[in-house]
Q: 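Below is the structure I would like to discuss, written out as structure tokens.
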Amino acid sequence: MDAALLLNVEGIKKTILHGGTGELPNFITGSRVTFHFRTMKCDEERTVIDDSKQVGQPMHIIIGNMFKLEVWEILLTSMRVSEVAEFWCDTIHTGVYPILSRSLRQMAEGKDPTEWHVHTCGLANMFAYHTLGYEDLDELQREPQPLIFVIELLQVEAPSEYQRETWNLSNTERMQAVPILHGEGNRLFKLGRYEEASSKYQEAIVCLRNLQTKEKPWEAQWLKLEKMINTLILNYCQCLLKREEYYEVLEHTSDILRQHPGIVKAYYLRARAHSEVWNEAEAKADLERVLELEPSMRKAVHRELRLLESRLEEKREEERLRCRNMLAAPVRASHQGTHHGSDLSAPTRQPGSGWLVTGKELFMTMESECQ
């Protein structure tokens, strides 16, 4: 099918690659649209920027919900279910795509896509040059250009046919959802379903951060939300400890303590993470801080210190064994060499010294150092 202007919208051309089924869906406000997409440059190679099928997750948008890339709503509402179409979109429609792409990539990598917004100051800043963390997106942001979107429409659901996600809730609904998500996360944690619990805590955190952006920093309501957020982040860190994501725990707890240096649980969880990655001094320092702030945790702190010392002793023993094994091979080779006239008692110049030692003395010196 030849490319043609789509619904008389300037700067958009559509080519149907595979016809859909049935009538054009009823795209009422609040409908959830599920689709796969591939974004490409308009160069000769048709360079792929993003592909939801490679990520393994389809995209969802809610009609009428002021989605970041408004042109996608225009494209989707021209399609039938199961239709695959290619859309050429001019620069007037693609300027904010790098921002959207960054959020989608962050979510695919399991990161919080809202973190970047803390460091920006509104729409004007959105178009000022800064790094998005991806070279190809930085290039697109510096030099906006037309893009090609290949879209496959999978499903259209009326508002009553699906459970609304937290980002699609009103402010009141978000606040009501937080304790429910928090409680569900706690329940899943107790069941040992740590990945699912993490998701619940993350959902609750996103709800609260959205609410917090509407408050003046460091005022009463903002601080109330901050306290709730920190509680959820620390619960999330407990899940990360169970999943052995120790460095992420160090990152989150350190972020909290930079702003709120009196939170005992943050020191305690950071100490446990330090212990797991063999940061002995840092772990002990955090545990000492726990005792200073909360003497009633003495029993828990002493337990952690015993565990740390036990693990360090195990590590030291492993290193001693490894050292002995490394030394054993040269000794065996030396014994084999005696059949050809070599002698362990023959003097050898020790590296870095001005005197001679025998082979046996050198071996004994090395073994002593490994202890």
Side-chain angles (χ1 to χ4, degrees), residues 1 3 6 11-22 24-25 27 31-63 65 67-91 93-114 116 132-141 144-158 161-168 195-196 198-199 202-203 206:
M1 179 177 178
L6 170 63
I12 300 176
K13 295 180 182 179
K14 174 181 179 180
T15 303
I16 296 176
L17 305 179
H18 183 276
T21 59
L24 195 69
F27 294 95
S31 296
R32 181 169 70 175
V33 182
T34 305
F35 60 100
H36 273 301
F37 74 95
R38 183 167 67 252
T39 305
M40 299 178 290
K41 292 183 178 181
C42 295
D43 53 15
E44 291 183 6
E45 296 79 15
R46 290 167 65 94
T47 303
V48 175
I49 301 171
D50 295 301
D51 189 332
S52 63
K53 288 189 175 180
Q54 288 186 356
V55 174
Q57 290 287 341
M59 183 74 182
H60 305 279
I61 70 167
I62 307 298
I63 297 298
N65 208 45
F67 185 66
K68 283 181 182 177
L69 194 67
E70 293 180 9
V71 71
W72 271 6
E73 187 169 314
I74 298 171
L75 309 183
L76 289 162
T77 53
S78 77
M79 300 178 69
R80 291 174 167 78
V81 174
S82 300
E83 180 180 326
V84 181
E86 179 177 298
F87 299 90
W88 175 90
C89 296
D90 205 353
T91 308
H93 299 292
T94 62
V96 297
Y97 183 79
I99 307 294
L100 168 65
S101 177
R102 180 193 186 278
S103 294
L104 297 177
R105 293 182 188 186
Q106 292 280 293
M107 288 188 287
E109 294 167 9
K111 299 177 182 176
D112 181 358
T114 65
W116 172 77
L132 295 173
Y134 303 91
E135 289 186 10
D136 58 337
L137 300 184
D138 286 342
E139 179 188 345
L140 277 180
Q141 187 167 244
Q145 56 190 268
L147 296 174
I148 295 169
F149 301 109
V150 176
I151 296 177
E152 177 184 359
L153 181 57
L154 302 176
Q155 188 178 30
V156 179
E157 299 167 279
E161 296 175 340
Y162 67 94
Q163 183 177 353
R164 294 169 70 194
E165 297 180 28
T166 51
W167 60 267
N168 189 39
E195 189 167 347
E196 294 172 74
S198 297
S199 296
Q202 284 179 304
E203 276 192 78
V206 169

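Side-chain atoms are counted along with the backbone in the values below, which use heavy atoms only and exclude waters and symmetry mates. Numbers here simply count residues along the sequence, with the first being 1.
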Q: Considering residues, nucleotides and ligands other than E135, do more than 12 of their heavy atoms fall under 6.0 Å from its CD?
A: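 Not more than 12 within 6.0 Å, no.
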
Q: With a 4.0 Å cut-off, would you call D136 and K41 a salt bridge?
A: no

Q: If you round to the nearest 0.5 Å, how far is CG of L147 from OG1 of T91?
A: 7.5 Å

Q: For the side chain of T77 and the backbone of E73, is there at least one donor-acceptor N/O pair under 3.5 Å apart?
A: yes

Q: Measure the spacing between CG of L153 and NE2 of H18 and express it to the nearest 0.5 Å.
A: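 It is 13.0 Å, given to the nearest 0.5 Å.
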
Q: So do I61 and F35 actually touch side chain to side chain, heavy atoms under 4.5 Å?
A: yes

Q: Locate the shortest heavy-atom distance separating D90 from P146; write the atom from each residue and the value.
A: OD1-CG, 3.6 Å

Q: Would you say T34 and E157 make side-chain contact, with heavy atoms under 4.5 Å?
A: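 T34 reaches E157 side chain to side chain.
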
Q: Atom CD of residue position E195 - does it have more than 12 heavy atoms of other residues, nucleotides or ligands inside 6.0 Å?
A: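 Incorrect, the count does not exceed 12.
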
Q: Do C42 and I148 have side-chain heavy atoms sitting under 4.5 Å apart?
A: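 Heavy-atom side-chain distance check passes, below 4.5 Å.
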
Q: Is the number of heavy atoms from other residues, nucleotides or ligands within 6.0 Å of CD (Q145) greater than 12?
A: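 Result for CD/Q145: enclosed.
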
Q: Report the residues that fulfil ring pair (Phe, Tyr, Trp, His ring centres under 6.0 Å) with F149, sequence neighbours left out, ordered by chain and then residue number.
A: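 F149 satisfies ring pair (Phe, Tyr, Trp, His ring centres under 6.0 Å) with W72, Y97 once adjacent residues are dropped.
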
Q: Nearest 0.5 angstrom please: L69 CG to L104 CG, how far?
A: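 One gets 9.5 Å once the value is rounded to the nearest 0.5 Å.
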
Q: Closest approach of D51 and R38, non-hydrogen atoms and distance?
A: OD2-CD, 3.4 Å

Q: Looking at H93, K13, K14, which hits side chain to side chain contact (heavy atoms under 4.5 Å, CB included) with F87?
A: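 When H93, K13, K14 are each tested with F87, the side chain to side chain contact (heavy atoms under 4.5 Å, CB included) holds only for K14.
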
Q: Judged by atom type as modelled, is there a donor-acceptor pair below 3.5 Å linking the side chain of T21 to the main-chain atoms of V81?
A: yes

Q: Just jot down the salt bridge (Lys or Arg N to Asp or Glu O under 4.0 Å) partners of R80, sequence neighbours excluded, or say none.
A: none

Q: T94 and V71: side chain to side chain contact (heavy atoms under 4.5 Å, CB included), yes or no, with the steps?
A: CA-CA 8 Å; T94 62; V71 71; 5.8 Å; no

Q: What is the distance from atom CG of L75 to atom CD1 of I151, rounded to the nearest 0.5 Å?
A: 5.0 Å

Q: Applying side chain to side chain contact (heavy atoms under 4.5 Å, CB included) to R105 and V55, what does each step give before you reach the verdict?
A: CA-CA 9 Å; R105 293 182 188 186; V55 174; over 6 Å; no

Q: How far does CG of L17 sit from CD of E83, to the nearest 0.5 angstrom?
A: 9.0 Å

Q: What's the shortest heavy-atom distance between H36 and L154, and which atoms?
A: CD2-CD1, 3.7 Å

Q: About how many Å separate CD1 of I49 and CZ of R46, when rounded to the nearest 0.5 Å?
A: 12.0 Å

Q: Would you check if there is a donor-acceptor pair between the side chains of Q106 and Y134 at a distance under 3.5 Å?
A: yes

Q: Between S101 and L140, is any pair of side-chain heavy atoms under 4.5 Å apart?
A: no

